[in-house]
Amino acid sequence: MADKYISQEIEPKWQKLWAESGLYATREDPERPKFYFLTMLPYPSGDLHIGHWYAMTPSDAAARYRRMKGYNVFFPIGFDAFGLPAEGAAIKHGIHPYTWTMANIERMRAQLRSMGAMWAWDHEAVSCDPRYYAWTQWFFLKLYEHGLAYRKFAPVDFCPHCNTTLAREQVWGEDRHCERCGTPVIKKELEQWFFKITDYADELLRFDGIDWPERIRTMQTNWIGRSEGAEVTFPIDMGDSGSGIGVQSADTAIPNTQYPIPGTDAITVFTTRPDTLWGATFMVLAPEHPLVEKLTTEEHRAAVDAYRLQADRQTEIERTAADKEKTGVFIGAYAINPVNGRRIPIWIADYVMVTYGTGAIMAVPAHDERDFAFALKFGLPIIPVIERPDDLAKSAVWDGSVPGDFGAALSAAGFAWEWLAIPDRGRFYAVTLHGDEQVRAYVALLQAHLKAGHWADVVGRGWQVVFHDGPLALDSAAADAAIMARCHAGYDYTRQFATSMSMWWAVEWYRNVLYHADYGTMIHSEAFSGTAGAVAKAQVTRWLAEQGVGKFAVNYRLRDWLISRQRYWGAPIPIIYCPACGTVPAPYEDLPVLLPEDAEIPATGENALKFHAGFLNVRCPQCGGAAQRETDTMDTFMCSSWYHYAYVTPYWKAGQKLRPDDTPWEPEAGNYWLPVDQYTGGPEHATMHLLYTRFFTKALRDMGVAPFAEPMLRLFNQGIILGPDGNRMSKSKGNVVAPDEWVERYGADTVRAYLMFIGPWDAGGPWNSQGIEGVRRFLERVWNVVAEDEGQASGGRSQGPKIAAQVRELQHVTHKTLRKVTEDIEAFKFNTLLAALMEFNNYLVKARETAVYGTSAWEEALDMLLLMLAPETPHIAEELWQRRVQTRRVSENPSGLFQAADSIHVQPWPVWDPELAKAETVILVVQINGKVRDKIEAAADIGEAEARELALASPLIQRWLEGKTVRKVIFAGGKLLNFVVS
RNA sequence: GCCGAAGUGGCGGAAUGGCAGACGCGCCAGGUUCAGGACCUGGUGAGGGCUAACCUCGUGUGGGUUCAACUCCCACCUUCGGCACCA
């Protein structure tokens, strides 16, 4: 009675029966091991697209597999339902965000059901439900209580299109655009709420006990950007110039450091290279640095103000363009280099960021590329203080400075040199030297040949200018000045240069030895000269601490998480501002602070809460006086930082008064399910959601709320499905692929299996419907093989040795396939899993025509085929399984109704027999000099001697060996034999 | 510029030291059919070869290690992702 495979009929049927039979009901069962399998929750934009299917259906397959393996699997779903698009729809179509969102959710629920996934709908959670965001607000209060939420006035990224501030993580790309709408962001000075994620920077760098992809760990590590170095304090030079520097002796708060220098005037810098301190020849402050105002002298104020203004006006793009010419101005003030007491000028320049480190740097132009460019441009001294590790030195000697026999003398002494022509300056001996010895010998030779009044330089190793009456080392700014004074006096050409280094920069041939940023032996550093590069940094840091001018310090690129959003459609920040009491948290028992439903969304895109008197005006919980609510709402990443906890007991304690000592989920259920065992989702959340949720969990642990430190033990990142044009799918590009039409045409099982089949799950790639037919054909062939078998289970009809061998082969193929499929699904290798099943099915199609048909091995093969298909294509597997079960009358079920216990999806995953999975024969590959010359069938356990014998019996091999001497034979474990001949 | 991933037939991809191209799409031939579609069977990297046996070449490029390299090492090219004046 083999009828046709009509997916459109069986899929809705089984979805209904599964739901009705309670197959997916969640219950904590201490008898069984739990498995919390989580896939990233969707934003209810209105329609599921193919990317959701790509992310979710393989997850479902893996979750189903876990259940068949005997785990009590929790596979929940919900909606990340706050966010800007709802407000956009409100403005555009006049629908309230709540109505729009809930309608979308309703629509998406139906679409999600069509996947046939084992969602725990009984634990669905929607983040915009007041019963949900009551807890979002509860978490905020807890964080506030523990000093992890604070408000500060700071320059923040603001999206003019979305009309709201954004977290640093939500600003993307070189042009610093809004992650959501693509509009370039602007900087605004606003008072905003932050979460102190930086408190956990070090712990977030550790991934102990979690199995996360290398890629994500690297991205998070880079994002946190830990660097070790020292903080060094440079006193301001109060001495001369009497310039009436507007310095006040008030406490000076230096940005991003907890170490204001009370009662002194000093600049603290962060450096990763304290070993280069002796080469710090100037300082640079960020234009926004608070000390700039105080330190600028009257003489320079106009220029400084002008520079700060233009720096402020520049967009971030202009300012951070990598190849930008360095700009900056001197502010008239000087600092004292604490290691040598030298006076160094203070500049401001926009290449120093107020947001990183202390917003101020010591500039070591000889060993920092940016400082080098800056010093070159503004004629500031560049003094090398770290020896070149490669020993290289160069010296260009004008042929007019030495007698004509200089070249011969160089050659005789064994120095490598060649002629170098410099336009307008003449011909030079270009000498390349290696190491101190050579430099010393060379300098002596040069000295002996130099004509009176002439000189030549040695750059790189052993920096110096050799004058006819003796060399001058470039070991300090003073020495630099002395060198230049002699040069200026002796040769007009040099007057255009302020420093030795800029003079050398003019010689192209010198350029590659003038600057380096490597570690190396310290030079020109007083007592530290000679300190080896490997220990220099640590030794100097220790000494700085002893001297009281600096200390070991760690700096992070990570900033605190800005969570304020100037939007209506989010969870309100539960804070009240009272003119008398100040900032007052809303009492726990008043949660949730409800979003007013009657708010009008202003067409200007502003926050509706600001104009809603009923929301805004409130009594102060402390003094009872008139007060106002905070109108900003929370970043939606706050909602998704804890949704995996919400699923455990959705809307826990709804309607009850919340208390600070509550547990945000039903404790027993939480103890059973948490934490998440396997998480799957896109890699685009690496530095946002995936970092936030780790921070959040660590904070919960420290509050005593959660007994674990990581929210998700294992993570897998699937790839991203692009539009058919290879671009990221987006409505504006019109390349969004809707799964519904494909499901209608081919069925959910086909779409599921096709998405799993097209390639490795973590690869993603452009959607291409070519090939989906092949997967549908595969399922039809499965249908034909299995459905036509009904009633044939009567045992083998023929006997004998021939059929025994065929049966054994069938069993071998069956068990080998089971092994492959099991290994693949464990590793999320769905593409090769499906290929193995296709191969297996192709084999069965052929085997059906042989005597194995109807044997118990045949029946086992069909059962196994269905069990292996159940995770990937749940509907067809169930339909065919039920037909087989009924046929065999295994189920005593008088009602005839489907019972959950009979479902294929709760059958135990079969176990392969290693003996059967092993092949009896192999194709022995015979090579001559590594080239395949013959393939011979042999017993799987063949030994080397027999293999050799077999190979030598082959006429083909005999021909290749003719007239050759066998030098060596390599036998690779029953697979391959290689004759090395000559 | 720095960090990471990838590069294999006409296409998606398989093989992580041992038969390159599994599986699927497409294409070609044949069967079935009044015909088309669907389905079934066989073939399908390039070149050579009495179109047979078989041979040569072939996994981004150039070197290397090895009996043997898509796979390991070195250098480079291209594409994608992340970071980027981060001190």
Side-chain angles (χ1 to χ4, degrees), chain A residues 172-174 213-223 225-227 229 269-273 276 280 284 286 319-324 326 349-353 355-364 367-371 373-374 517 555-558 683-684 686-687 719-720 722 726 753-754 757-760 762-775 777-778 780-781 784 829 831-842 845 922-935 955-956 959 967-981:
Chain A
W172 285 13
E174 217 169 313
E214 183 70 39
R215 181 152 111 250
I216 297 294
R217 301 208 311 259
T218 305
M219 278 167 80
Q220 293 199 345
T221 303
N222 291 343
W223 186 261
R226 181 192 154 98
S227 45
V269 300
F270 173 74
T271 175
T272 54
R273 293 298 301 273
T276 65
V284 187
R319 217 178 128 160
T320 58
D323 50 355
K324 203 191 115 183
K326 295 276 178 293
D350 61 8
Y351 80 92
V352 174
M353 305 289 133
T355 49
Y356 186 80
T358 62
I361 63 159
M362 65 174 203
V364 184
H367 304 291
D368 180 280
E369 197 180 359
R370 298 149 299 171
D371 298 345
F374 193 83
N555 223 287
Y556 302 94
R557 215 185 66 94
L558 182 72
E684 67 273 21
T687 57
I720 300 166
L722 305 172
Y754 179 59
F757 181 65
I758 47 175
D762 54 358
W767 165 262
N768 178 355
S769 59
Q770 271 189 4
I772 191 167
E773 291 269 4
V775 173
R777 281 201 281 265
F778 159 62
E780 271 166 11
R781 283 196 298 270
N784 291 339
K829 287 163 75 175
N831 55 331
T832 47
L833 180 159
L834 264 306
L837 286 178
M838 287 173 177
E839 229 173 326
F840 183 42
N841 192 56
N842 289 344
V845 168
V922 289
I923 302 295
L924 182 73
V925 175
V926 185
Q927 297 183 335
I928 309 287
N929 285 343
K931 286 185 192 266
V932 181
R933 295 305 180 194
D934 202 3
K935 299 171 187 181
L956 224 52
R959 211 174 69 205
R967 301 280 174 204
K968 202 171 166 188
V969 182
I970 283 124
F971 181 66
K975 284 187 289 198
L976 179 138
L977 197 66
N978 187 11
F979 291 93
V980 184
V981 304

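Note that this is a predicted model, so its numbers are computed, not measured. By convention in this document, chain letters (A, B, ...) are assigned in the order of the sequence lines, proteins followed by strands, and residues within each chain are numbered from 1.
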Per-nucleotide protein contact string for nucleotides 12-27 of chain B, where B marks a base within reach and S marks sugar-phosphate only (heavy atoms under 4.0 Å, - for neither): BSSS--BBS-BBSSS-

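Of all non-hydrogen atoms in A:Gln770 and A:Tyr754, the two that sit nearest each other are O-OH, 2.8 Å. Counting all heavy atoms, side chain and backbone alike, A:Asn831 lies closest to A:Pro760 at ND2-N, 3.5 Å. Considering all non-hydrogen atoms of both residues, A:Tyr556 and A:Tyr356 come closest at O-CE1, 3.8 Å. In plain terms, the two heavy atoms of A:Gln220 and A:Ala686 that are nearest each other are NE2-O, 2.9 Å. Pairing each heavy atom of A:Val269 with each of A:Ile361, the nearest pair is CG1-C, 3.5 Å.
The CG-C1' distance, from A:Asp371 to B:A87, rounds to 7 Å in whole Å. Between the CG atom of A:Asn929 and the P atom of B:A68 there is a distance of 8 Å, rounded to whole Å. A:Glu214 has its CD atom 15 Å from the P atom of B:C3, to the nearest Å. Atom CD1 of A:Ile216 and atom C1' of B:C83 are 14 Å apart (whole Å). Rounded to whole Å, atom P of B:C80 lies 17 Å from atom CE of A:Met219. Atom CD of A:Glu780 and atom P of B:C39 are 7 Å apart (whole Å). Going from atom CZ of A:Arg215 over to atom P of B:C83 covers 13 Å, rounded to whole Å.
An anti orientation is assigned to B:G10, its glycosidic angle lying beyond 90° of 0. Glycosidic conformation, B:U51: syn, with the torsion inside 90° of 0.
A salt bridge does not link A:Glu780 to A:Arg777: none of the charged nitrogens lies less than 4.0 Å from a carboxylate oxygen.
Contact annotation: A:Arg370 side-chain N/O to B:C86 OP1/OP2 distance is under 4.0 Å. Side-chain N/O atoms of A:Lys931 include none lying less than 4.0 angstrom from OP1 or OP2 on B:G58. Checking the phosphate oxygens (OP1, OP2) of B:C3, no side-chain nitrogen or oxygen of A:Arg217 falls inside 4.0 Å. At least one side-chain nitrogen or oxygen of A:Ser227 sits closer than 4.0 Å to the OP1 or OP2 atom of B:A87.
With hydrogens and angles ignored, the 3.5 Å screen pairs no side-chain donor or acceptor of A:Asn555 with any backbone N or O of A:Ser227. A donor-acceptor contact shorter than 3.5 Å links the side chain of A:Arg273 to the backbone of A:Ala517.
Nucleotides B:G17 and B:C72 have their C1' atoms positioned 8 Å apart, rounded to a whole Å. Spacing of C1' atoms, B:U71 relative to B:U59, comes out at 10 Å, to the nearest Å. Of the P atoms belonging to B:A22 and B:G12, the separation is 15 Å, rounded to the nearest Å. Rounded to the nearest Å, the gap between the P atom of B:G63 and that of B:C28 is 40 Å. Between the P atoms of B:U16 and B:A87, the separation comes to 41 Å (whole Å). B:U41 sits 28 Å from B:A20 when the P atoms are compared, rounded to a whole Å. Taking atom P on both B:G7 and B:G60, the two are 8 Å apart, rounded to the nearest angstrom. Atom P of B:A15 sits at a distance of 16 Å from the matching atom of B:C70, rounded to the whole Å.
Using a 4.0 Å heavy-atom criterion, one finds that A:Arg226 contacts no nucleic acid atom at all.
Once rounded to the nearest 0.5 Å, the distance linking OG1 of A:Thr271 with CE of A:Met362 reads 3.5 Å. Note: A:Asn841 CG to A:Leu834 CG = 11.5 Å, rounded to the nearest 0.5 Å. In this structure, A:Leu722 CG and A:Asn768 CG are separated by 12.0 Å, a value rounded to the nearest 0.5 Å.
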For RNA chain B, the dot-bracket pattern of Watson-Crick and G-U pairs whose distances stay under 3.5 Å, | for other-strand partners: (((((((..(((.....[....)))((((((.......))))))((((.....))))..(((((..]....))))))))))))....

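If you check B:A87, B:C83, B:C54 against the side chain of A:Arg557, the one that comes closest is B:C83.
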